[in-house]
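Comments concern the structure below.
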Amino acid sequence: MTSIAWPPTAPLALLQRRAQLLAQIRGFFAERQVLEVDTPTMASAGVTDVHLENFKTHFVGPGMAGGIELYLQTSPEFHMKRMLAAGYGAIYQIAKAYRNEESGRLHNPEFTMLEWYRPGFDHHQLMDEMADLLQLVLNTAPPTRITYQQAVSSTLGVCPLTASLTELRQAGLGLGADDLLARETDRDTILQLLFALGVEPRIGQLEPCFVYDFPASQAALARISPQDARVAERFEVYFKGIELANGFHELSDEREQRRRFELDNQAREARGLATRPIDEYLLAALAAGLPDCAGVALGIDRLVMLAAGAESLDQVIAFPVTRA
């Protein structure tokens with residue numbers, strides 16, 4: 001008889017630690033009167049971002065000739081923004097998210113995400129609140145803060161906002177991706193490689209580190225800074241070389257968001273990737289009026305891993321994709 005590894009990969013003690021952490025998070029938001037919500041995992045549109053890939057499924061129901069294609073969501077963001085536009089106020093969600101990408105020590109295609117939105121907050125105020133949460137669950141010193149420009153300049157000796165492609169490639173020599181850097185012509189892809197290989201391992205080692213004011217070309221769903229049009233009001237959080245969260249002072253302009261989605265699809269087409277339908281529900285919500293707000297998405301599995309001192313996600317999720 002062929003043996004098969006059927007038990008959970010996570011020890012009971014670490015799943016108990018996970019449950020404790022989730023209870024802490026819910027208590028944190030209950031104290032602040034932030035409403036827990038639940039939104040669909042499947043939707044009629046996926047994400048257009050060239051760096052994200054949705055899983056797809058097909059729903060065949062009564063009276064549906066041919067059925068409809070549905071996308072498993074990479075985050076609950078679009079649905080939650082529709083709730084914000086409908087006037088639901090401060091909300092959070094602990095949800096399953098899906099990304100058809102790699103799996104390994106820090107990645108699983110199905111994972112748990114904490115996402116929350118604060119009407120009336122900008123990204124700096126949301127960083128303040130997130131700092132409180134991280135200190136609670138990780139028991140660390142207060143997080144540090146640094147701009148994206150400062151982070152890259154101080155670690156790699158090059159300004160990410162003004163350097164030429166040649167200068168950026170030169171700064172990346174010896175990081176382990178010389179051939180890829182030499183072939184790559186997209187500026188943002190080069191910047192992301194430099195950041196992942198040269199900056200992330202060097203910041204936030206003793207306490208979490210907020211990196212903010214990312215290049216405007218990497219704004220995604222964030223506003224462009226009114227003080228410096230070269231940067232977006234976006235932040236990420238790193239701890240012990242691991243990216244934990246991505247947050248925005250949220251873009252509320254429906255026309256600008258549509259333009260960005262369309263540019264994403266053009267970029268996907270240029271790379272030979274399938275284009276994605278644009279989420280018209282989200283755009284209609286933005287047109288109706290999204291309140292001034294900030295939002296952030298945080299990886300729960302990675303957070304548990306760091307809080308528990310685990311070495312990989314397999315230790316804090318019961319059944320990774322290899323045993324699903």
Side-chain angles (χ1 to χ4, degrees), residues 8-29 31-32 74-76 92-99 101-116 123 126-146 148 151 155 192 195-212 214 234-248 295-323:
T9 57
L12 176 59
L14 291 189
L15 292 185
Q16 290 170 331
R17 180 71 183 92
R18 181 189 182 99
Q20 178 190 41
L21 184 144
L22 289 172
Q24 283 183 302
I25 291 172
R26 287 191 162 96
F28 178 87
F29 287 114
E31 288 178 3
R32 288 160 176 76
T74 58
S75 94
Y92 83 98
Q93 181 170 186
I94 297 172
K96 286 292 186 181
Y98 306 85
R99 297 184 182 181
E101 298 162 5
E102 60 186 302
S103 66
R105 174 176 171 262
L106 296 176
H107 296 87
N108 196 62
E110 176 183 355
F111 60 101
T112 304
M113 178 177 285
L114 165 64
E115 189 147 338
W116 82 93
H123 55 307
L126 191 58
M127 281 189 271
D128 292 340
E129 183 166 69
M130 189 168 189
D132 292 340
L133 177 63
L134 292 177
Q135 289 176 84
L136 173 68
V137 299
L138 294 175
N139 193 29
T140 69
T144 57
R145 301 189 193 191
I146 188 171
Y148 180 94
T155 55
Q192 288 170 1
F195 198 89
L197 298 174
V199 179
E200 289 181 22
R202 305 182 191 181
I203 60 175
Q205 291 299 319
L206 299 179
E207 61 279 311
C209 178
F210 289 97
V211 178
Y212 64 97
F214 276 69
R234 172 187 170 190
F235 69 88
E236 291 188 353
V237 184
Y238 297 87
F239 188 39
K240 298 187 182 301
I242 296 174
E243 179 191 341
L244 269 179
N246 186 21
F248 306 141
V296 63
L298 183 153
I300 288 289
D301 305 320
R302 291 183 179 185
L303 185 67
V304 177
M305 180 180 145
L306 287 165
E311 293 298 320
S312 72
L313 294 185
D314 289 5
Q315 295 174 268
V316 297
I317 56 179
F319 298 105
V321 68
T322 52
R323 295 200 187 184

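Owing to the predicted nature of the structure, the values given are computational and were not obtained by experimental measurement.
- Side-chain contact between L114 and Q93: absent, with no pair of heavy atoms (C-beta onward) separated by less than 4.5 Å.
- Separating the CE atom in M305 from the CZ atom in R17 is a distance of 14.0 Å, to the nearest 0.5 Å.
- Atom CD in Q20 sits 11.0 Å away from atom CD1 in I25 (nearest 0.5 Å).
- Side-chain contact between E110 and I317 is absent, with no heavy-atom pair separated by less than 4.5 Å.
- With contacts defined as side-chain heavy-atom distances shorter than 4.5 Å, the pair F29/I94 does not qualify.
- Residues F195 and E200 form a side-chain contact, since some pair of their non-hydrogen atoms from C-beta on lies under 4.5 Å apart.
- Using cut-offs of 30° and 60° on the angle between ring planes, the pair F214 and Y148 is tilted.
- Across E115 and P76, no two heavy atoms sit closer than the pair OE1-CD, 3.3 Å.
- Here the closest non-hydrogen pair linking G198 and P201 is C-CD, 4.1 Å.
- Counting heavy atoms from C-beta on, the side chains of V137 and F28 never come closer than 4.5 Å.
- Partners of T144 under the side chain to side chain contact (heavy atoms under 4.5 Å, CB included) rule, at least two apart in sequence or in another chain, are E207, C209.
- Between D314 atom CG and D301 atom CG the span is 10.5 Å, to the nearest 0.5 Å.
- Residue L298 holds its CG atom at 10.0 Å from CD of E243, rounded to the nearest 0.5 Å.
- Taking the six-membered ring where the residue is Trp, F235 and F210 present perpendicular rings, their angle passing 60° and hence far from 30°.
- Here the CD1-CG distance, from I242 to L306, works out to 4.0 Å after rounding to the nearest 0.5 Å.
- Not counting sequence neighbours, Q16 has no partner by the side-chain hydrogen bond (donor to acceptor under 3.5 Å, both in side chains) test.
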Quick one: do M113 and T74 satisfy side-chain contact (heavy atoms from CB on, under 4.5 Å)? Show the steps, please.
-> CA-CA 9 Å; M113 178 177 285; T74 58; over 6 Å; no

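- Under the side-chain hydrogen bond (donor to acceptor under 3.5 Å, both in side chains) criterion, R302 pairs with H107, sequence neighbours left out.
- Annotation: the span from N139 atom CG to L134 atom CG amounts to 12.0 Å, rounded to 0.5 Å.
- Q205 and F239 make their closest contact through O-CE1, 4.0 Å (heavy atoms, listed as atom of the first residue, atom of the second, distance).
- Counting only distance, with no hydrogens or angles, the side chain of N246 and the backbone of A297 share no donor-acceptor pair below 3.5 Å.
- Distance alone, capped at 3.5 Å, is enough to place a donor-acceptor pair between the R202 side chain and the T155 backbone.
- Contact detail for M130 and A245: the closest heavy-atom pair is CE-CB, 3.1 Å.
- In this structure the side chain of R32 never reaches within 4.5 angstrom of the side chain of L133, judged on heavy atoms.
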Step by step, work out the side-chain contact (heavy atoms from CB on, under 4.5 Å) result for T9 and Q315.
-> CA-CA 6 Å; T9 57; Q315 295 174 268; over 6 Å; no

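- Using a 4.5 Å heavy-atom threshold, the side chains of P208 and T140 count as touching.
- Within the 3.5 Å criterion, the main-chain N or O of V321 finds a donor-acceptor partner in the side chain of N108.
- Side-chain atoms of L303 and L138, non-hydrogen and from C-beta on, do get closer than 4.5 Å to each other.
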